[in-house]
Amino acid sequence: MQLAPLFPIFYRILQPSFPNCLWMGNPHSKAIALTFDDGPHPQHTPEVLAVLDQYKITASFFWLGVCVNRSPAVAKAVSDRGHWIGLHGYDHRSFPMLSQNELKQSLEKTQVAIYNACNLQPEQVRDVRPPNGLFTPTTLKLFLEWNYRPVMWSVVPEDWVRPGVNTVVKRVMQQVKNGSLIVLHDGVCGGQDVAATIKILIPQLLQQGYEFVTVDALWQRSEGTGKR
């Protein structure tokens with residue numbers, strides 16, 4: 001069973017319960033964030049970059065440390081273009097299943113991988129999106145103690161199960177609104193379709209007057225519900 005219809009419900013339940021997370025930006029601004037999880041990937045990520053370059057769009061990428069180590073040149077190409085970089089854990093293990101030390105090591109190892117590939121200092125890479133969106137209050141407490149910023153989502157079209165490009169585009173267009181934080185994937189799961197998806201999606205969103213900004217810009221523009 002596909003979970004896509006349930007994600008808007010999850011969002012409405014979780015967002016007010018965890019206000020220290022970034023779930024979306026300013027609801028009074030047409031600024032939205034396009035984000036990509038699970039990369040960098042040697043094939044899918046460059047394809048995404050080509051589309052972003054074409055439309056002069058700035059996006060945000062939440063990386064797995066193991067993938068950065070495998071494709072450092074791709075990681076550098078993303079960073080060099082000014083896209084925002086965040087953490088997705090070292091190897092996609094669920095954060096609630098990790099011990100406190102394992103979680104800290106997962107994040108720090110990913111920061112080291114990003115520093116080695118992109119020369120970004122750890123304090124420049126402190127946005128964290130948990131794999132599969134799974135977290136606990138303890139997880140969030142540790143993020144705040146360690147000076148990380150938890151980033152979630154408001155539009156999840158479940159592209160990783162590959163329901164088809166047109167289905168993913170339709171789901172996003174049905175859910176997008178001011179301040180939306182959209183999650184797509186450029187990794188092993190779902191990355192095969194992502195460039196084709198955004199090639200259709202971006203012009204449709206531009207036509208509706210949306211401005212693409214980074215996750216960092218959403219933090220800055222949010223009105224307290226997602227900003228600390």
*Once you round to the nearest 0.5 Å, how far does OG of Ser60 lie from CG of Leu181?*
7.5 Å
_Qualifying residues under side chain to side chain donor-acceptor pair (under 3.5 Å), relative to Arg70, sequence neighbours excluded_ = none
*Looking at the rings of Phe135 and Phe95, which for Trp means the six-membered one, are their centres under 6.0 Å apart?*
no
*Output, in order, the C-alpha distance, side-chain angles, deciding distance and verdict of side chain to side chain contact (heavy atoms under 4.5 Å, CB included) for Trp23 and Trp153.*
CA-CA 5 Å; Trp23 294 91; Trp153 33 258; 4.1 Å; yes
_ring-ring contact (aromatic ring centres under 6.0 Å, His included): pairs with one or both residues in residues 178-209, sequence neighbours excluded_ = Trp160-His185
Would you be so kind as to tabulate the donor-acceptor pairs closer than 3.5 Å made by side chains of residues 39-52, with sequence neighbours excluded?
residue: His41; atom: ND1; partner: Gln43; partner atom: N; Å: 3.0
residue: His41; atom: ND1; partner: His44; partner atom: N; Å: 3.1
residue: Gln43; atom: NE2; partner: Glu47; partner atom: OE2; Å: 3.4
residue: His44; atom: ND1; partner: Gly191; partner atom: O; Å: 3.4
residue: Thr45; atom: OG1; partner: His41; partner atom: N; Å: 2.7
residue: Thr45; atom: OG1; partner: His41; partner atom: O; Å: 3.3
residue: Thr45; atom: OG1; partner: Asp186; partner atom: OD2; Å: 2.7

*Any sub-3.5 Å donor-acceptor pair from Thr197's side-chain atoms to Asp193's backbone N or O?*
yes
*Identify, with sequence neighbours excluded, every residue that meets side chain to side chain donor-acceptor pair (under 3.5 Å) alongside Ser180.*
none
*Is the closest side-chain donor-acceptor distance between His92 and Asp38 under 3.5 Å?*
yes
*By side chain to side chain contact (heavy atoms under 4.5 Å, CB included), which residues pair with Gln105, not counting sequence neighbours?*
none
*Residues two or more places apart in sequence or in another chain: which of them pass side chain to side chain donor-acceptor pair (under 3.5 Å) with Asn101?*
none
*Who pairs with Phe212 by ring-ring contact (aromatic ring centres under 6.0 Å, His included), at least two apart in sequence or on another chain?*
none
*Which hydrophobic side chains are connected to Tyr90, either touching it within the sub-4.5 Å cutoff or through other members that do?*
Leu64, Val66
*Partner set under side chain to side chain contact (heavy atoms under 4.5 Å, CB included) for Glu108, not counting sequence neighbours*: Lys104, Gln111, Tyr148
*For the pair Thr110 (side chain) and Ser106 (backbone), establish whether a donor and an acceptor sit closer than 3.5 Å, ignoring hydrogens and angles.*
yes
*Taking side chain to side chain contact (heavy atoms under 4.5 Å, CB included) as the test, write out the residues that go with Gln174, two or more places apart.*
Lys170
*Name all residues meeting the side chain to side chain donor-acceptor pair (under 3.5 Å) criterion together with Gln208; count only those two or more places apart in sequence or in a different chain, and write none if there are none.*
none
_Quick one, Val194 and Phe36 - any side-chain contact, counting heavy atoms below 4.5 Å?_
yes
*Is a side-chain N or O of Arg81 found less than 3.5 angstrom from the main chain of Ala77, in a donor-acceptor match?*
yes
*Does any pair with a residue in residues 101-128 pass ring-ring contact (aromatic ring centres under 6.0 Å, His included), and if so which ones, sequence neighbours excluded?*
none
*asked:* With a 6.0 Å cut-off (strictly less than), is the heavy-atom count around NZ of Lys199, excluding the residue itself, greater than 12?
replied: no
*Please examine the side chains of His83 and Leu34, heavy atoms only from C-beta on, and report whether any two atoms are closer than 4.5 Å.*
no
